[in-house]
Structures are given as structure tokens and as C-alpha cells.
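First up is the structure itself, then whatever we jot down about it.
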Amino acid sequence: MTDLIQLPHTGLHVPHTRYTLAGFQQMTTRCGIAYHATVNEGERRAGVIENQGDGGGTWFLPASGADRRAVHEYAAACRMDGEPLDQEEVLNRLIDEHETALDVAKCARRRASLLHGFDADHEFVASIVIQLPPVWLDRCDSPFLPHIARDLKAGEPEVTAWKFWIGGQWKPLTLPVVPD
């Protein structure tokens, strides 16, 4: 197997990064979130990822039969924690990667920080924007950390660990202990 590339926001390992998403749109429905994104390979449209938000699956609608095969082979090569995923899970992770990249870019423009919270099983459970630049979260002597720790504990009690994006990587957020 060829060397895989780890995507920064989801940890998905992919065989290449030639696929990009564009025209991402989403809306809340009665049963979930519907979304639609164009998949490009370079300048060429390869298809669309779509979820109708009705509790059904996420689908790839290819531009051609060759694109159907190529995306199927791409998904078959992808890994998460060393394990293969089905094509639908790969598509969902690509959407998550794209959404997070958009959030990271928005935070960078606003000099804010994007935090991701994880539960005791290391599962992603929360995403929060804090109106402080990441450099302030990266300092153990930051005067903001006790207040942030209290707010996060009160607002997201199921979160046992936080990470924040600091220009190129996710870094664990070290918070002071907050009494109950």
C-alpha cells in the first residue's frame, strides 16, 4: 500500500489530496442536516457528495463511471486509526474535514480560537469558538484560562479533554482544575 496522508482535522488517512470540496451548502431539516458539496479533482468536477438530511445515507453522485470507480478505490484505501472505512464514512469525514477547515479559516480571520471537545472515550462531542487568539490559550500563565475552564465545564460537562487549533496542528488545551 502506498503511503497515506493524514488530514489535519479529522485524522483520516487518505491516499492523496487531489480531491477538494467546493460549493458546500447545508441546512437543518426535521430529521437532521442536509448537505451538498461538489467534489473536484483539480479543476475538474468529479461529482457531488449529498445527504438529504432525512436520516438516510450520504451518497457520492459521480460525474462519470470513471469517477465512481476512482472514488470507490480512494475510499477503499482510506484508513482511520489503521482501520478501513466504508465509502459513506469516508465521505462524511471529508465533509467534516472541509467544515472544520472553513471554521479554522474564519477563526484565523477574527483572531479567535477553535476548540474541539472529546469525551472519556476520545470521541468528538463539541466545537466551540473562543474570542481569544490561540497564542493566549497556549500560555500556561494566561489570565483567561481559569474563566475559560469554568465556562467550558459548565457548558460542556461531558467533555473530558479539549484541543485547540494553533496554526497547523491541534494541541491539547491545558486548563486549571475547576472545583465542582
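Heavy-atom basis, side chains included; hydrogens, waters and symmetry copies ignored. Bear in mind the structure is a predicted one, so any value in this text is a computation, not a measurement. Positions are given from 1, in the same order as the sequence printed here.
Considering all non-hydrogen atoms of both residues, Ala149 and Leu175 come closest at CB-CB, 4.0 Å. Shown here for Thr29 and Gln52, the closest heavy-atom pair between the two residues is CG2-O, 4.2 Å. Ser113 and Pro134 get closest at one heavy-atom pair: OG-N, 3.0 Å. For the residue pair Ala46 and Phe60, the shortest heavy atom distance occurs at O-CZ, 3.4 Å.
For Arg18, the salt bridge (charged side-chain N to carboxylate O under 4.0 Å, His left out) criterion is met by Glu41, not counting sequence neighbours. Legend: residues meeting ring-ring contact (aromatic ring centres under 6.0 Å, His included) with His16, ordered by chain and number and at least two apart, are Tyr19, Tyr74. Every ring-ring contact (aromatic ring centres under 6.0 Å, His included) that Trp165 has, sequence neighbours left out, goes to His9, Trp170. Take Glu158 and apply the side chain to side chain contact (heavy atoms under 4.5 Å, CB included) test, not counting sequence neighbours, and it matches Val125, Glu156. Legend: residues meeting ring-ring contact (aromatic ring centres under 6.0 Å, His included) with Trp59, ordered by chain and number and at least two apart, are absent. Partners of Glu73 according to the side chain to side chain contact (heavy atoms under 4.5 Å, CB included) rule, which considers only residues two or more places apart in sequence or in another chain, do not exist here.
Note on Leu91: it clusters hydrophobically with Leu12, by side-chain heavy-atom contacts below 4.5 Å among ILVMFWY residues. A continuous path of Ile, Leu, Val, Met, Phe, Trp and Tyr side chains, each step under 4.5 Å between heavy atoms, connects Leu132 with Leu173, placing both in one hydrophobic cluster. Under the 4.5 Å side-chain heavy-atom criterion for ILVMFWY residues, no single connected hydrophobic cluster contains both Phe24 and Val104. Linking ILVMFWY residues whenever their side-chain heavy atoms come closer than 4.5 Å, directly or via other members, leaves Ile166 and Leu114 in distinct clusters. Cluster membership for Leu102 and Val129, using ILVMFWY side-chain heavy atoms within less than 4.5 angstrom, is not shared.
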Quick one: side chains of residues 139-146, donor-acceptor pairs under 3.5 Å with protein atoms, not counting sequence neighbours, listed by atom name and distance.
residue	atom	partner	partner atom	Å
Arg139	NE	Asp141	OD1	3.1
Arg139	NH2	Asp141	OD1	3.3
Arg139	NH2	Asp141	OD2	3.0
Ser142	OG	Trp136	O	3.2
Ser142	OG	Phe144	N	3.3

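The salt bridge (Lys or Arg N to Asp or Glu O under 4.0 Å) contacts involving residues 60-71 comprise Arg44-Asp67, where partners must be two or more places apart or lie in separate chains. Applying the side-chain hydrogen bond (donor to acceptor under 3.5 Å, both in side chains) test to pairs two or more places apart or on separate chains, those with a residue in residues 80-91 are Glu89-Arg93. For residues 95-105, the side-chain hydrogen bond (donor to acceptor under 3.5 Å, both in side chains) pairs, not counting sequence neighbours, are Thr10-Glu97.
Proximity of Cys78 to His13: side-chain heavy atoms (C-beta onward) are nowhere separated by under 4.5 Å. With contacts defined as side-chain heavy-atom distances shorter than 4.5 Å, the pair Gln6/Leu4 does not qualify.
The main-chain N or O of Asp119 is found under 3.5 Å from a side-chain atom of Thr160 such that the two form a donor-acceptor pair.
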Quiz item: Can you list the steps and then say if Leu152 with Val159 is a side-chain contact (heavy atoms from CB on, under 4.5 Å)?
Solution: CA-CA 8 Å; Leu152 291 175; Val159 172; over 6 Å; no
Exercise. Please step through side-chain contact (heavy atoms from CB on, under 4.5 Å) for the pair Leu7 and Leu94, ending with a clear verdict.
Key: CA-CA 9 Å; Leu7 299 180; Leu94 292 175; 4.0 Å; yes
Quiz item: Could you walk me through whether Leu115 and Leu137 pass the side-chain contact (heavy atoms from CB on, under 4.5 Å) check?
Solution: CA-CA 10 Å; Leu115 277 63; Leu137 299 178; 3.8 Å; yes
Self-check item: Stepwise side-chain contact (heavy atoms from CB on, under 4.5 Å) check, Ile95 with Asn51
Solution: CA-CA 10 Å; Ile95 291 290; Asn51 186 304; over 6 Å; no
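Phe124 belongs to a hydrophobic cluster whose remaining members, ordered by chain and number, are Phe118; membership requires side-chain heavy atoms of ILVMFWY residues under 4.5 Å apart, directly or through intermediates. Membership of an apolar cluster is not assigned to Met27, as no side-chain contact below 4.5 Å to another ILVMFWY residue is traced.
Annotation: the span from Tyr35 atom OH to Gln25 atom CD amounts to 14.0 Å, rounded to 0.5 Å.
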